[in-house]
Engineer: 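Pasting a structure below so you can have a look.
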Amino acid sequence: MPEGMKTSGYRGRWAFIDLTNRTVRVEPADPGYARDYVGGRGLQARLLADHLEQTGPLADPLAPGNRIVIGTAALNDTAVATAGRGSCSFVGTMARSPEPAAWVPGHKPLSGLVTHSSAGGLFPNMLKRAGFDQIVIDGRADRPVRLEIINGACRIVDAEDGLFETVAGRRVPRAASVITDTLTAGLKGSSTLTVGPAGWNLVDFACLTADRHRNFGRGGAGAVFGSKNLVAITALGNEAVSYSDPEAFRRLSRELDALIKASVEDPARTASFRPTTGTTWWLDRAFNGRYLGAKGGYLPWHNFDEGAFDAADYDKVSTDAFLAISEKHSVCNKCRHVFCTRGARVGSGPYAGEGVRPEFETIALWINCGILDRDAIFHMNALCNELGVDTMTFGSVMSGAMELQEKGLFGRIGGAPAFGDAPGMIQTLKEIAYASSDLGRLLGHYSDRVIAELAAATPASQADIAYCLTTAFGGLGYAGISPKAFPGMFTAYGTSNRGRGDHTYAWTVQAEEGGLKDARDLAAYVAEGQGGKALVDSLGLCDFFTGDITAEPFLSLYHALSGVAYSPESLKACGRRIYALERRLNNAQGRDRTYDGYVPPKLKVPMARGAHAGRAVDEAFYNAVLDAYYEAWGWTKGGIVR
Ligand code: SF4
């Protein structure tokens, strides 16, 4: 350990699990990694790099060579608001395009992108209490197994028969709530992370579900678990967090807490909406500009063709519509003040039930499928959690499938629902998760494979099919802000390390509504946001943490916790280091400007309605932003890390 450096805050222990050889190796954590890569996502990028630099690029994310790492950071389980978010990193299954794709100019094969996914709930903090910072999982078990991590010990056990059922002729894990309840009943007080039937069936957008409804959502972590024959991880422990200077930490955390509370209580700040509406305030803002917005007109409609539709239809699925079914808060462990999650209850009708209120992105992307039935959205969200399906990519895949159906391009495979058909969409969700029909098996693949298979089975051309699928050429699926409305947001979508369409690595909407529009300014804003987000993920915090992580009192608080002293500049440098490391790994996986620069053809067609009528992605301007973006990062004009 370097002189003067302490590792308080962390557990200081990593578990390396080799499922092929059924071994567990516990190693002391490297304090140099903690300093340079902070924790969570950053440490995991480093651990993936150590692996990939040895093995070479990974050709197939479903092969045993795909390392998946799950863990936390120094701040997790402390009194800092939102310090309950854990990290999961792996090479993603959805964002890939390994086969030739003649419909992409200059296409180059892409074999999966380094992906980070964040989840809250209790599981991440329980994993830390159980004694480990990172669980590093390699290989593939020869039969279904699960992991038990209890007070500093980690073991691989055979998955019990009772965790499985047979659906559509396949033996698959039961629904996430059943697995969770079964394992928790056997280990009182524990927390469980589980694959669902979708991950077991290798659906490329399958997620992992913790504590019933918290997900490592995007990129395909569930499929990676399925490929490893790994059903679940159960954690239980009671190790308390250690502090480098406990008294200073207590004092500074009270100071920071007061700042966060004040920001949440300030009606001039968007943070003030979260305790009531969660993320759903974005629905109104995107549709009509309510909640401190401008004019709206950028809530996607009809597979991203439009950003506006009839107001009377919108009222059925608005922010207020979801507020009407909201119940009391149901927040992540250690969340304070921000409290974005609420339970929800539908009292009667075919979708009656209790669960959680869906998030903005989920609702927006299902409105994009024409679904205007709030109760069906509530029900389908709960079903995605049970089956282990990422709600967002599912929404993008379905809006594409609905357009293919509308245009008659499914040929004899057929059977996709029409826009607005909620029961049909629910049925297709089950068929995807259980791989129980030709359509379900087809749509469960990454989109380039869908395009190739569909073109082989129908008279439709690959280009015509790709036109309908905005997830084509290794896309993760665009988020709930119209990609046509904001050039900066399109840049954030286009350059995100975890795949085209991701909205979390940079977010420009407020800045662009406020007038940011110069290409260089947009590029710098996106690049800075990406480095900042890498830090938030590496600190174990939530995107909705409202404090400034590169200023006081946060920096002193972090020092009082971990003994690591960052200046604003050195902490920002960590964020850039992490992001650039992920990008370097992605370069080796096949990513360069060809991938970043791809504009799905349908996004070049201007919107006809609403405040952004006439807007589309301007490819020439986007290329100018990309030039400036690579310059801001110091990469080559081709998007390669030097
Ligand atoms: S703000 Fe929401 S997502 Fe973030 S920690 Fe709190 S409950 Fe979890």
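Counting starts at 1 for both ligands and their atoms, following the listed order. Values reported hereafter were calculated over all heavy atoms of this structure, with side chains retained and with hydrogens, waters and symmetry mates removed. Positions are given from 1, in the same order as the sequence printed here. No experiment lies behind these values; they were computed from the predicted model shown.
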Engineer: For atom 2 (Fe) of ligand 1, what's the nearest protein heavy atom and its distance?
Structural biologist: Cys340 SG, 2.3 Å
Engineer: Backbone, side chain, both or neither: what part of Cys542 comes under 4.0 angstrom of ligand 1, heavy atoms only?
Structural biologist: side chain
Engineer: Could you check if a side-chain atom of Leu48 sits within less than 4.5 angstrom of a side-chain atom of Val114, using non-hydrogen atoms only?
Structural biologist: yes
Engineer: Could you tell me, atom by atom, which parts of ligand 1 come under 4.0 Å of a heavy atom of Val331?
Structural biologist: 7 (S)
Engineer: In terms of the angle between their ring planes, are His329 and Phe339 parallel, tilted or perpendicular, with boundaries placed at 30° and 60°?
Structural biologist: tilted
Engineer: Between Tyr243 and Arg250, is a side-chain contact (heavy atoms from CB on, under 4.5 Å) present by the stated rule, with each step listed?
Structural biologist: CA-CA 10 Å; Tyr243 297 87; Arg250 259 193 299 277; over 6 Å; no
Engineer: Is it true that Arg41 and Glu582 have a side-chain N and a carboxylate O under 4.0 angstrom from each other?
Structural biologist: yes
Engineer: Can you report which non-hydrogen protein atom sits closest to atom 8 (Fe) of ligand 1, along with the distance?
Structural biologist: Cys332 SG, 2.4 Å
Engineer: Could you list the atoms of ligand 1 found under 4.0 angstrom from a heavy atom of Thr341?
Structural biologist: 2 (Fe), 7 (S)
Engineer: Below 4.0 angstrom from a heavy atom of Val338, which ligand 1 atoms are there? Numbered from 1 as shown, please.
Structural biologist: 1 (S)
Engineer: Has Cys335 got an N/O/S atom less than 2.8 Å from atom 4 (Fe) of ligand 1?
Structural biologist: no
Engineer: Report, in ascending order of atom number, the atoms of ligand 1 lying under 4.0 Å from any heavy atom of Arg85.
Structural biologist: 3 (S)
Engineer: Are the side chains of Ile233 and Phe123 in touch, meaning some heavy atoms are under 4.5 Å apart?
Structural biologist: yes
Engineer: Is the Tyr493 ring parallel, tilted or perpendicular to the Tyr478 ring (thresholds 30°, 60°)?
Structural biologist: perpendicular
Engineer: Look at Glu327 together with Arg345 and state whether they make a salt bridge at an N to O cut-off of under 4.0 Å.
Structural biologist: no
Engineer: Run the numbers for me: atoms of ligand 1, each under 4.0 Å from some heavy atom of Thr82, listed by number.
Structural biologist: 5 (S)
